[in-house]
Amino acid sequence: MLFALGGALAALAERSTTTKPPQPVERVEEVAFRRDGKLEELTGRLVIEASDGGVVLQNDEGIQWTIEGSNIVSRQQLDKPFTPITSEALAERLVAEMPGGFRIHQTPHYVVCYNTSREYAQWTSSLLERLYKAFTNYWQHQGFELHEPEFPLAVMVFADRALYNAASRDDLPGGTGGIIGFYSLRSNRVNMFDLTGTEAVRGPGSRRGSTREINQMLSQPAAVPLVATIVHEATHQIAFNCGLQTRFADIPLWLCEGMAVYFEAPDLASTRGWRGIGRVNYPRLETFQQNLDHWQSSGQLAGMLANDDRFRDPRRAVDAYADAWALNYYLIKYQPDKYTAYLKMLAAKPPFAEDSPQTRLEEFRAHFGELGQLQGDFLKQMSQAE
Ligand SMILES: [Zn+2]
C-alpha cells in the first residue's frame with residue numbers, strides 16, 4: 001500500500017481542523033483551480049476543507065484530489081447529488097485514459113483494465129473475486145458488518161514495465177523500482193504488471209497462455225512471493241472499500257499492514273475457495289523468531305503500537321512487517337472478540353485526523369489490557385508457534 005500522503009496532502013491534513021460530517025444527500029461540488037499556470041476544473045464531493053480554503057475532493061470513481069487554497073479560483077455546489085460511477089462507465093473511462101491496446105474484463109466487483117492477454121486478466125480477476133469473497137466472509141463471521149464497495153474496484157494490469165511505470169507516476173514519481181504492484185490510497189486503484197512476463201517466473205521459451213499454464217508458472221517457488229504481493233495489495237483495496245477501514249484515517253500501520261500479511265497466503269490450487277486465511281505465514285514467522293531478542297526490551301510492543309516509523313523505513317520494514325504479522329496472528333487467534341471490537345473502533349475514525357502516540361496506546365489498552373502481560377503471553381505463544 002502506498003501510504004505516503006505526498007507533501008501537499010500531508011500539509012493539508014495538518015492544517016485541517018474539521019472534517020465535514022456526512023450530509024443526508026451529498027451534492028457535487030465544482031472547483032476551478034490553477035495548476036502549472038493553467039486553469040483546470042474538477043467535480044466531486046468534498047472530503048475535507050482546510051482552514052485556509054484548501055480542499056480534498058473525491059470524484060465519482062473514488063480518486064482523491066488535493067487542491068491548495070491559494071490555487072483555487074472558484075468553487076460552487078452543483079444542483080445534483082454525488083453518484084458513484086457505474087462499472088460500465090468506469091470501463092470506458094479507463095480505456096480512454098490509457099494509450100491504445102487496453103481492454104476490459106469486468107466481474108461483479110472489479111473492472112480490470114489490461115493490455116496483456118485476456119487469459120491473464122481473467123486469471124487475475126478470478127483470484128481477486130475469490131479473495132474478496134473469502135475476506136468479506138471471514139470478517140462477517142468474526143462479527144464485523146461490511147458493506148459492498150461504493151465504487152467499482154479498478155485494477156490495472158500492464159504487460160510491461162514501461163507502461164506500468166508511466167501509469168504509476170502520480171504515486172511513484174521516482175519509478176516503481178522493485179515494486180511489482182501496489183494499492184494507491186489516492187487513486188483507490190491497484191496497479192500491477194503481468195507476473196508471467198517477469199524473468200523470475202518465465203522460463204526460457206515458455207509460453208504464457210492458458211489458465212493452466214499461468215497457474216503452473218505462478219505456483220513455482222520463485223513466484224509465490226510475487227503472487228503474495230498482489231494478494232496483499234488487493235486485500236488493502238478491499239479493506240478500504242468495504243467499511244473495514246477508511247482511506248486516510250489514522251489506522252496504525254501495525255494493524256493495517258499486519259492484517260494484509262495475514263491474508264496474503266495465495267491459494268492458486270482451488271478455483272472456488274480460499275484456504276490460505278489464518279495459516280501460519282512461514283517466511284514472516286521465521287523473520288519474527290530470528291528477531292526475538294529485539295523483544296527482550298519491554299518497550300518493543302508499545303513502540304510498535306504508538307509509532308509507524310519502522311514501517312516507512314526501507315531498512316527496517318521487513319522486520320516490522322514480520323512483527324506486525326505475528327501480533328495480528330496472535331490477537332486474531334487468541335483474542336478474536338477484542339480484536340473485532342478494536343477494528344470497529346478504528347473503522348469509525350475520520351479521514352485526515354491524526355492520533356497522538358498516547359491516544360493509540362490508550363485505545364489499545366482499553367481493548368486488550370495492560371501491555372506487559374500481553375507482551376509476555378504474545379512472546380510465549382509466538383516463540384513456540386510452528
Ligand atoms: Zn501493505
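In listed order, ligands and their atoms are each counted from 1.
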Taking the six-membered ring for Trp, are the ring centroids of Phe378 and Phe368 within less than 6.0 Å of each other?
no
Are Tyr321 and Phe311 near enough that their ring centres are under 6.0 Å apart?
yes
Quick check: does His236 have an N/O/S atom under 2.8 Å of the Zn ion (ligand 1)?
yes
Here the N/O/S atom of His232 closest to the Zn ion (ligand 1) would be NE2
With the Zn ion (ligand 1) as the point of reference, which N/O/S atom of Glu257 is the closest?
OE1
Would you mind listing every salt bridge (Lys or Arg N to Asp or Glu O under 4.0 Å) that reaches into residues 135-152, with sequence neighbours excluded?
Arg45-Glu150
Under 3.5 Å donor-acceptor pairs involving side-chain atoms of residues 222-232, not counting sequence neighbours:
from   : atom 1 : to     : atom 2 : distance (Å)
Thr229 : OG1    : Pro225 : O      : 3.0
His232 : ND1    : Glu264 : OE1    : 2.9
His232 : NE2    : His236 : NE2    : 3.1
His232 : NE2    : Glu257 : OE1    : 3.0

